[in-house]
Amino acid sequence: MRILISNDDGYRARGIIALRGALAGLGDLTVVAPDRNRSGASNSLTLETPLRVSKAEADVYFVQGTPTDCVHLAISGLFPFEPDMVVSGINDGSNLGDDVLYSGTVAAAMEGRFLGKTAVAFSLHTDGLRGDSTRYFETGAHYARMIVERLQAAPLERAVILNVNIPNIPAGEVRGLKVTRLGNRHRAAAMIRAEDPRGRPVYWVGPAGAGQDAGPGTDFHAVAEGYVSVTPLTVDLTNYAALDNVRSWIGTP
Ligand code: MN
């Protein structure tokens, strides 16, 4: 089996190195990832400039592009073969609830699914930690291997993308796995205004809001309780419950 590994934190990030190590022996591993941190890139594609690919080492490539660019390129043109599975992560930060709409980590997996591959995204719940705080990527790596092995033994149906969030604790303290639905967050903090050295205003996107719909059954709740959260995602955003109401609002049958 050929496994494509990507992420949105960049090809040198700790999480992707841990993921590659975790999957050793499960198949032919190829890394194609952004050249730098592209967190928040969502499903964006680079259309106005060409994509340049560089080789960092055997089977590790980096691209001046988004996570979606990387997976798209890796599956449809970069190699004379196609991977069977796309594994994304391990992201430095959770992708819970609404985060999945902004996440490049999830987008990389989603692109794999669009192109017909088994796809899974892994994220470590390091939210709010300082740069030098302890990050248990080895916990993420342990569960990434477990879940990829399970996918190899028993693939899921085509429409399912797995979004996995791992608590940032030692593996021995994890209480198990829970299959969850997406919760959602309170609105994000306001933009943070600062000044550049020339006195001109600049703005930083503020931190994501805390969990709002974060009760039992949600991804937020599972991770907070020390479980690995496994959420099956699909891409159809249609609000089916609203179809009839909108038909009568528009005046069409
Ligand atoms: Mn990221």
Side-chain angles (χ1 to χ4, degrees), residues 4-23 31-46 51 56 60-74 86-113 119-141 143-144 147-148 161-169 182-185 188-189 192 204-211 219-220 223 228-231 233:
L4 174 66
I5 298 171
S6 194
N7 75 348
D8 74 358
D9 291 342
Y11 78 104
R12 287 178 294 193
R14 266 184 73 192
I16 199 167
I17 292 167
L19 180 59
R20 186 180 180 220
L23 302 186
V31 175
V32 183
D35 59 337
R36 60 200 158 90
N37 193 332
R38 300 299 300 264
S39 295
S42 187
N43 300 84
S44 54
L45 278 170
T46 299
L51 297 173
V60 178
Y61 301 84
F62 58 96
V63 180
Q64 291 171 320
T66 65
T68 300
D69 288 331
C70 291
V71 173
H72 196 85
L73 181 61
V86 176
V87 183
S88 180
I90 301 165
N91 192 56
D92 187 355
S94 65
N95 280 300
L96 301 166
D98 323 290
D99 300 344
V100 302
L101 293 175
Y102 301 92
S103 170
T105 307
V106 175
M110 204 176 280
E111 187 65 13
R113 211 61 179 131
V120 53
F122 295 101
S123 303
L124 187 65
H125 185 59
T126 56
D127 310 37
L129 293 189
R130 289 160 44 97
D132 57 358
S133 300
T134 304
R135 284 163 164 72
Y136 292 95
F137 281 107
E138 60 275 18
T139 304
Y143 284 95
I147 287 169
V148 168
I161 301 155
L162 288 184
N163 185 42
V164 181
N165 283 277
I166 299 123
N168 187 46
I169 54 180
L182 297 179
N184 63 56
R185 293 184 184 276
I192 296 163
W204 291 94
V205 172
D219 47 359
F220 286 94
V223 169
V228 173
S229 164
V230 181
T231 308
L233 301 180

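All heavy atoms count here, side chains included; hydrogens, waters and symmetry mates do not. Both counts, for ligands and for their atoms, begin at 1 and track the order of listing.
A 4.5 Å side-chain heavy-atom check between I147 and F122 finds at least one atom pair inside the cut-off.
Taking 2.8 Å as the limit, the number of protein N, O or S atoms around the Mn ion (ligand 1) is 4.
Applying the side-chain hydrogen bond (donor to acceptor under 3.5 Å, both in side chains) criterion to S103, with sequence neighbours excluded, gives N95. With sequence neighbours left out, T231 forms a side-chain hydrogen bond (donor to acceptor under 3.5 Å, both in side chains) with T180.
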- Full working for side-chain contact (heavy atoms from CB on, under 4.5 Å) between Q64 and D35: CA-CA 6 Å; Q64 291 171 320; D35 59 337; 3.4 Å; yes
- Message: One pair to check against side-chain contact (heavy atoms from CB on, under 4.5 Å): D99 and R185. What are the steps and the verdict?
- Response: CA-CA 9 Å; D99 300 344; R185 293 184 184 276; 2.7 Å; yes
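Residue pairs meeting the side-chain hydrogen bond (donor to acceptor under 3.5 Å, both in side chains) criterion with at least one member in residues 12-23, sequence neighbours excluded: R20-E57.
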